[in-house]
> 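Sending over a structure as structure tokens; questions will come in a sec.
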Amino acid sequence: MFITFEGGDGAGKSTAVQSVATALASNGIRAIVTRQPGDGPLGPSIRQLLLHREMPALSELFLFLADRNQHVERIVRPALERGDVVLCDRYGDSTVAYQGYARGLDVALLKELNGLATGGLCPDLTLLLDLRPEVGLGRLESKDRLDKEALDFHRRIREGFLALAAEDPGRWRVIDASRPASEVSAECVEAVMSRIECR
Ligand code: TYD
């Protein structure tokens with residue numbers, strides 16, 4: 001089962017992913033935790049470029065897609081084929097929200113390119129940690145290139161994620177991430193466990 005975690009910067013995805021991984025392990029369910037950008041053989045180098053170097057919007061897009069392609073080929077598909085649950089911190093919906101809704105690239109084209117980059121691999125469940133960007137950005141201890149974008153950019157990201165979730169409610173679960181981390185994590189664990197039990 002392929003589960004992705006999405007949300008704006010500072011929404012607390014990493015903590016939620018770790019809590020879900022711990023809950024799965026204590027139930028004897030094999031899972032891997034992985035993230036985009038940054039995992040896979042080329043991931044660390046691509047991540048460095050994306051987070052710290054200035055570049056045109058299309059170069060940014062192609063780097064995220066390259067990262068996703070090698071990550072799916074080398075990490076995600078092999079894990080799914082072994083029967084592991086894959087918990088992925090960001091996936092194609094981040095490209096649609098950030099490069100599409102916020103940066104202004106064509107959303108339909110981005111969905112198509114995500115399909116090309118992943119061979120059509122779609123998550124079974126996506127948890128959206130939803131939070132006002134003012135709150136999320138305020139939680140960050142340090143800011144990378146994308147975190148430093150204007151508040152309006154971050155507002156469009158949130159609107160984008162909420163629009164994607166509304167289009168496909170069967171895949172998405174929207175979680176109020178303004179609550180204490182323990183409550184957010186508990187809801188994430190519940191959402192994942194009930195989806196696994198449905199199988
Ligand atoms: P990261 O430090 O992993 O952010 P976070 O901890 O909030 O997940 O940095 C990844 C940044 O890249 C983040 O600002 C979101 C952005 N991003 C895109 O713009 N497009 C994408 O396709 C992906 C995967 C991430």
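First listed ligand is number 1; within each ligand, the first listed atom is number 1. Keep in mind it's a predicted model, so treat the numbers as computed, not measured.
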> Against R68, only a single residue in N114, L113, L116 fulfils side chain to side chain contact (heavy atoms under 4.5 Å, CB included); can you say which?
N114
> Can you pull out the closest protein heavy atom to atom 20 (N) of ligand 1? Residue, atom name and distance to 0.1 Å, please.
Q99 OE1, 2.8 Å
> Whether R90 and D9 form a salt bridge (side-chain N of Lys/Arg under 4.0 Å from carboxylate O of Asp/Glu) is what I want to check.
yes
> When you measure from atom 9 (O) of ligand 1 to every protein heavy atom, which one gives the shortest distance, and what is it?
L51 CD2, 3.7 Å
> Does R68 reach ligand 1, in the sense of a heavy atom lying below 4.0 Å from it?
yes
> Hey, does T95 come in under 3.5 Å of ligand 1, counting only N/O atoms on both sides?
yes
> In the protein, which heavy atom is nearest to atom 3 (O) of ligand 1, and how far is it?
R47 NH1, 3.0 Å
> Regarding ligand 1, does Q36 bring an N or O atom to under 3.5 Å of one of the ligand's N or O atoms?
no
> When you compare the side chain of E187 with that of R179, does any pair of heavy atoms fall below 4.5 Å?
yes
> Does a salt bridge link E60 with R145, judged by any charged N lying under 4.0 Å from a carboxylate O?
yes
> Hey, are E190 and R173 close enough for a salt bridge, meaning a charged N less than 4.0 Å from a carboxylate O?
yes
> Going by the order shown, which atoms of ligand 1 are within less than 4.0 Å of some heavy atom of L146?
11 (C), 12 (O), 14 (O), 16 (C), 19 (O)
> Any N or O of D9 that comes nearer than 3.5 Å to an N or O of ligand 1?
yes
> With the 4.5 Å side-chain cut-off for hydrophobic clustering, are V17 and M193 part of the same group?
yes
> Suppose I only count heavy atoms of P37 and a 4.0 Å limit; which atoms of ligand 1 are within that range?
10 (C)
> Are F2 and Y91 an aromatic pair by the rule of ring centers under 6.0 Å?
yes
> To which protein heavy atom is atom 6 (O) of ligand 1 closest, and what is the distance rounded to 0.1 Å?
K13 NZ, 4.1 Å
> Can you find an N/O atom of R90 closer than 3.5 Å to an N/O atom of ligand 1?
yes
> Where is the nearest protein heavy atom to atom 17 (N) of ligand 1: which residue, which atom, and how far?
F64 CZ, 3.2 Å
> Please say which of D39, T34, T118 ends up in a side chain to side chain donor-acceptor pair (under 3.5 Å) with H71.
T34
